[in-house]
Colleague: 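Pasting a structure here, questions to come.
The structure presented is a predicted model; accordingly, all values stated were derived computationally and were not measured.
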Amino acid sequence: MSARAALRRTWVLVLAVVVVTVAAGVGLGLWATGGDGGGPAGASQDTAAGPSPTPTPSPSPTRWYPLSKAPRTIPAVRSHTPARGPGWKPEKGLRVVVSDGDLADEGRLLAGELGMAYAGEAADVRAGDVRLALSGDEGADPESYTMTVRGGRVTISGPADAGVFYGTRTLKQEVRRGGTAPEGVVRDEPAKPVRGLMVDIARKHFTAAWIEDRVRELGDLKFNQLGLHFSDDQGFRIESDSHPEVVSRDRLTKAQVRRIVALAAQRHITVVPEIDSPGHLGAVIDAHPELQLRSAAGLAPRGAIDISKPASAEIVDDLLKEYVELFPGAEWHLGGDEYRALMVSSPAATYPQLAAAARKAHGPGATVADLTTGWLNDRAATVRALGRTPRAWNDGFFRGTSVRPADDLQVAYWTGKEIGARPPAEYLGAGRKLVNYNDEFLYYVLGQPLTFVYPTGQRIYERWTPLVVRGTQAVPSKYDDQILGGSLAVWGDLPNSQTQAQVAAGIRMPLRATVQKLWDPREPALSWTEFRALADRLG
């Protein structure tokens, strides 16, 4: 072979190598050195031939990654700054560490869920670590958090442990079923401070195990309140030391309730109890028939206690005081709705003893509505003295009374259909804070009595926001700050209509749609079909 031919053959081989290399580069992405955010600095490209025996003068190149995409979670994160890199996946042997002992519960829970080791307050830094930290930002929303995925590690920080916990929920969802937490920075916080589920355990007995399952579900979805309506006409469902005679056979023990409350606290959920009065007290009246309200004609409306009798206030206050120790959260629901004495055309003529008591307590012009408002204020004073913030149903507030409901009573707005109910703007215009229980969207009433229809996740997702308090119309946005949030409500009107399992399945998508709108009321980025598919993937 001539020298010219040999040289030509050599150049052809070189050109072929260059073409193959470029083609491979196009297929795999461009190359960039470590340190540009594209991967761990100094990482080597995998080759079939193994490491070259001759060291190169510059760091080995690492693969170039496309910009990451925002994680898909429920509720959706509010902000994600993309970055280039491989992201993060949990592996056996990796660690969860904390920068503050106050985050030990969050750290242990996450480590157990992801199959990792909990290393406590470790100061060293290792590849693959998840580090939980308090940011010390006192002015920030305590439920906010920042999650950074970079360099093969994850850092979740927040001004309080609640925010850090929510960051761990985001990470858990991201890596669900073998997924990867995308590279970049998530900055997230809820729009509303009240995100709840209320369960009527009085009409339908729910087991402690079922309630605990809901607590775990709520925690993973970043809900922060669980309401337990445990006293009504059909049952009183938590054991009592002060009045054991009122308690139903099927009930929760105090030990079971303590476990529920402790599990909820671990997941930053406040359990909000409700002993409804002066209506819905049938279980108490069954044990104390002398407290039954009776009309001038001798009729006894179901569940209505006679609030003209001092003994009525005494027994209700006994129960309120007893259960404060069991429920250490800041909120207490007093009920106040559907008092039968105010659901007749002439309360004073029908119940003259109530009219006489009203005049004695509040002056010659006082009405039965004044007496009822005074009752609600007295119960609010009882729980306020015990360090609780009172809440009452909106139809327990009455227009035109000389007795004004206590200023700190939160309005639990559920309907505009009941006698005494007023448009939401009247409460908001008076400066009251309100929690949205809109029965048009958020009421899951077993058996669908009257005009109730089981709510659907799609309808909530596409048509409801926290501003839609009554019916389908939104209140003016100027009231947004007064609307603390909202709650899905499960009512046991026809308790045998569904099993516990059917209730859990029925509220599954409504819960997810509700928390999406409470976390971020803006129009969601995903269509309903995409949102439902995501819920199915996340489990």
Colleague: Applying side-chain hydrogen bond (donor to acceptor under 3.5 Å, both in side chains), run through T367 and D370 and close with a yes or a no.
Modeller: CA-CA 5 Å; T367 65; D370 287 314; 3.2 Å; yes
Colleague: Which atoms form the tightest heavy-atom contact between Y461 and P524, and what is the distance?
Modeller: OH-CB, 3.0 Å
Colleague: Can we say D306 and R340 salt-bridge, meaning some charged N sits less than 4.0 Å from an Asp/Glu carboxylate O?
Modeller: no
Colleague: Please check: side-chain N/O of E113 versus main-chain N/O of K172, any donor-acceptor pairing under 3.5 Å?
Modeller: no
Colleague: With rounding to the nearest 0.5 angstrom, report the CG to CD1 distance, L320 to I315.
Modeller: 11.0 Å
Colleague: To the nearest 0.5 Å, how far apart are CG in L319 and CD in E322?
Modeller: 6.5 Å
Colleague: Please confirm whether the backbone N or O of G279 pairs with a side-chain atom of S277, one donor and one acceptor, at under 3.5 Å?
Modeller: no
Colleague: Do the non-hydrogen side-chain atoms of V284 and I275 ever get within less than 4.5 Å of each other?
Modeller: no
Colleague: Testing the basics here: between R388 and F327, what is the closest heavy-atom pair and its distance to 0.1 Å?
Modeller: NH2-O, 3.2 Å
Colleague: Checking the side chain of S68 only, and the main-chain atoms of E183 only, is there a donor and an acceptor separated by less than 3.5 Å?
Modeller: yes
Colleague: Spell out, as yes or no, whether a donor-acceptor pair under 3.5 Å connects the side chain of N224 to the backbone of P193.
Modeller: yes
Colleague: Should the pair K417 and F452 be classed as cation-pi, given the thresholds of under 6.0 Å to the six-membered ring centre and 45° from the axis?
Modeller: yes
Colleague: Side chain of T465, backbone of L467: donor and acceptor closer than 3.5 Å?
Modeller: yes
Colleague: Could you grab the distance from atom CD of Q458 to atom OG1 of T529, nearest 0.5 Å is fine?
Modeller: 7.0 Å
Colleague: Measure up the H333 and W393 rings against each other and bin them: parallel (under 30°), tilted (30 to 60°), perpendicular (over 60°).
Modeller: tilted
Colleague: If only atom types and distance count, is the side chain of D493 paired as donor or acceptor with the main-chain N or O of L446 below 3.5 Å?
Modeller: no
Colleague: Taking the side chain from S144 and the backbone from E189, do they hold a donor-acceptor pair closer than 3.5 Å?
Modeller: no
Colleague: For a side-chain contact (heavy atoms from CB on, under 4.5 Å) check, start with the C-alpha distance between S135 and Y145, then their side-chain angles and the critical distance, and finish with the verdict.
Modeller: CA-CA 9 Å; S135 63; Y145 68 92; over 6 Å; no
Colleague: Is the closest side-chain heavy-atom distance between Q173 and P71 below 4.5 Å?
Modeller: no
Colleague: What's the separation between atom CZ in R391 and atom CD in Q225, rounded to the nearest 0.5 Å?
Modeller: 4.5 Å
Colleague: Apply side-chain contact (heavy atoms from CB on, under 4.5 Å) to W332 and V324, showing your working.
Modeller: CA-CA 9 Å; W332 195 287; V324 161; 3.9 Å; yes
Colleague: Under the salt bridge (Lys or Arg N to Asp or Glu O under 4.0 Å) test, which residues partner R258, sequence neighbours left out?
Modeller: E325
Colleague: For the side chain of R512 and the backbone of A535, is there at least one donor-acceptor N/O pair under 3.5 Å apart?
Modeller: no
Colleague: Have a look at E331 and tell me which of T270, V271, V383, L484 forms a side chain to side chain contact (heavy atoms under 4.5 Å, CB included) with it.
Modeller: T270
Colleague: Got a second to check how far I74's CD1 is from R169's CZ, nearest 0.5 Å?
Modeller: 14.5 Å
Colleague: Sub-3.5 Å donor-acceptor pair from the side chain of D232 to the main-chain atoms of Q234, do we have one?
Modeller: no
Colleague: Assess whether a salt bridge exists between R78 and D188, defined as any Lys/Arg side-chain N lying under 4.0 Å from an Asp/Glu carboxylate O.
Modeller: no
Colleague: Heavy-atom count around Q448 CD within 6.0 Å, excluding the residue itself: above 12?
Modeller: yes
Colleague: Does D250 come within less than 4.0 Å of K204, counting only side-chain N to carboxylate O?
Modeller: no
Colleague: In the structure I gave you, are the side-chain heavy atoms of E239 and Q256 within less than 4.5 Å of one another anywhere?
Modeller: no
Colleague: What are the two closest non-hydrogen atoms of V175 and L114, and how far apart are they?
Modeller: CG2-CD2, 3.8 Å
Colleague: Taking all non-hydrogen atoms of both residues, which atom of E338 and which atom of H280 are closest, and how far apart?
Modeller: OE1-NE2, 2.8 Å
Colleague: Check the pair M147 / E174 against side-chain contact (heavy atoms from CB on, under 4.5 Å), numbers first and verdict last.
Modeller: CA-CA 12 Å; M147 182 171 72; E174 287 177 334; 3.2 Å; yes
Colleague: What are the two closest non-hydrogen atoms of A430 and R404, and how far apart are they?
Modeller: O-NH2, 4.2 Å
Colleague: Given 3.5 Å as the limit, does a donor-acceptor pair link the side chain of T382 with the main chain of D378, or not?
Modeller: yes
Colleague: For the residue pair Y444 and Y454, is the inter-centroid distance of their aromatic rings smaller than 6.0 Å?
Modeller: yes
Colleague: Is there a salt bridge (charged side-chain N to carboxylate O under 4.0 Å, His left out) between K433 and D407? Walk through the geometry before answering.
Modeller: CA-CA 9 Å; K433 294 180 179 179; D407 290 339; over 6 Å; no
Colleague: Can you classify the ring geometry of F230 versus F236 as parallel (below 30°), tilted (30 to 60°) or perpendicular (above 60°)?
Modeller: perpendicular
Colleague: Does R249 have more than 12 heavy atoms from other residues, nucleotides or ligands lying within 6.0 Å of its CZ?
Modeller: no
Colleague: Roughly how far apart are E274 CD and D337 CG, rounded to 0.5 Å?
Modeller: 7.0 Å
Colleague: Looking at W519 versus Y166, is the centre-to-centre ring distance below 6.0 Å?
Modeller: yes
Colleague: Salt bridge or not for D105 and R267, using N-O below 4.0 Å?
Modeller: no
Colleague: Start with the C-alpha distance between V468 and R463, add both sets of side-chain angles, then the distance that settles side-chain contact (heavy atoms from CB on, under 4.5 Å), and finish with yes or no.
Modeller: CA-CA 9 Å; V468 180; R463 299 185 59 187; over 6 Å; no
Colleague: What's the shortest heavy-atom distance between R432 and P405, and which atoms?
Modeller: NH2-O, 2.8 Å
Colleague: Considering only heavy atoms from C-beta outward, does the side chain of L291 approach that of L281 to under 4.5 Å?
Modeller: no
